[in-house]
Amino acid sequence: VCTGGVRCEKASGYLVKKGFKNVYQLHGGMHRYMEKFGNKDFLGKLYVFDGRVVAGGEGEHEVVGKCYECGDKTEFYTNCKNDMCHKHLLVCNNCKGDREDFYCSACVAANTKTTV
């Protein structure tokens, strides 16, 4: 499955060309599924590749993401502060506060190596 059905369409065609027989895809992707069924049998929100970052999960839903800093449940993303990275990190409101200086573990490790 994929968000809107485009990548899974391409991937399923590729798999069929490679000889796989039992290839299925979710028509319209998870976005269409969530439009039709809401959060039925789906936990959390759907990560999307546009400005929304997450979609779905309207109303009552289970939050399944964990804060990068403290481990509490969250569904809010911030970017790694490294301009060459900008990896999305889940950070809860308590940890985020007014901070804008979150770095992913790879960037922290790289920075530590260069400053030691």
Side-chain angles (χ1 to χ4, degrees):
V1 300
C2 64
T3 306
V6 176
R7 284 171 293 152
C8 60
E9 180 74 30
K10 290 179 179 182
S12 63
Y14 175 80
L15 292 172
V16 169
K17 279 185 179 178
K18 291 294 183 181
F20 288 86
K21 303 288 183 214
N22 293 319
V23 178
Y24 303 92
Q25 67 185 62
L26 183 60
H27 181 72
M30 287 305 300
H31 185 72
R32 172 96 29 97
Y33 175 89
M34 291 180 86
E35 283 178 347
K36 187 171 183 178
F37 299 106
N39 279 20
K40 184 176 190 258
D41 299 319
F42 187 84
L43 301 176
K45 289 191 174 187
L46 179 62
Y47 184 92
V48 294
F49 299 91
D50 60 27
R52 297 172 296 167
V53 184
V54 294
E58 284 76 21
E60 295 275 333
H61 69 279
E62 184 174 347
V63 176
V64 296
K66 291 185 181 180
C67 177
Y68 181 77
E69 292 279 304
C70 71
D72 282 352
K73 289 185 173 189
T74 189
E75 54 197 16
F76 302 106
Y77 284 90
T78 191
N79 289 340
C80 174
K81 181 75 170 162
N82 181 347
D83 287 334
M84 300 300 288
C85 178
H86 284 288
K87 176 180 179 180
H88 278 146
L89 306 170
L90 283 163
V91 179
C92 71
N93 287 332
N94 288 334
C95 290
K96 180 143 175 53
D98 294 331
R99 285 180 57 193
E100 296 293 332
D101 63 340
F102 292 94
Y103 292 89
C104 71
S105 57
C107 290
V108 167
N111 190 39
T112 303
K113 289 178 186 174
T114 58
T115 59
V116 173

Looking at Thr74 and Cys92, what are the two nearest heavy atoms and their distance? OG1-CA, 3.5 Å
Same cluster for [X] and [Y] if Ile/Leu/Val/Met/Phe/Trp/Tyr side chains link at under 4.5 Å?
{"X": "Val63", "Y": "Leu43", "result": "no"}
{"X": "Val23", "Y": "Met30", "result": "no"}
{"X": "Leu46", "Y": "Phe37", "result": "yes"}

Does a side-chain heavy-atom distance below 4.5 Å link [X] with [Y]?
{"X": "Asn94", "Y": "Cys70", "result": "no"}
{"X": "Phe76", "Y": "Asn93", "result": "yes"}
{"X": "Lys66", "Y": "Leu90", "result": "no"}
{"X": "Gln25", "Y": "Ser12", "result": "yes"}
{"X": "Val54", "Y": "Glu75", "result": "no"}

Among residues two or more places apart or on two chains, list those pairs meeting salt bridge (Lys or Arg N to Asp or Glu O under 4.0 Å) that have a residue in residues 86-100. Glu69-Arg99, Lys96-Glu100, Arg99-Asp101
Given 3.5 Å as the limit, does a donor-acceptor pair link the side chain of Asn79 with the main chain of Lys81, or not? no
Name all residues meeting the ring-ring contact (aromatic ring centres under 6.0 Å, His included) criterion together with Tyr24; count only those two or more places apart in sequence or in a different chain, and write none if there are none. none
Contacts of Tyr68 that satisfy ring-ring contact (aromatic ring centres under 6.0 Å, His included) - sequence neighbours left out: none
Which distance, rounded to the nearest 0.5 Å, do you find between the [atom1] of [X] and the [atom2] of [Y]?
{"X": "Leu15", "Y": "Lys21", "atom1": "CG", "atom2": "NZ", "result": "12.5 Å"}
{"X": "Phe102", "Y": "Thr78", "atom1": "CZ", "atom2": "OG1", "result": "6.5 Å"}
{"X": "Glu9", "Y": "His27", "atom1": "CD", "atom2": "NE2", "result": "9.0 Å"}

Without hydrogens or angle criteria, can the side chains of His88 and Tyr47 be said to hold a donor-acceptor pair below 3.5 Å? yes
Given Glu62, Arg52, His61, the one that forms side-chain contact (heavy atoms from CB on, under 4.5 Å) with Lys45: His61
Before giving the answer on side-chain contact (heavy atoms from CB on, under 4.5 Å), spell out for Cys104 and Leu89 the whole-Å C-alpha distance, their side-chain angles and the decisive distance to 0.1 Å. CA-CA 7 Å; Cys104 71; Leu89 306 170; 3.8 Å; yes
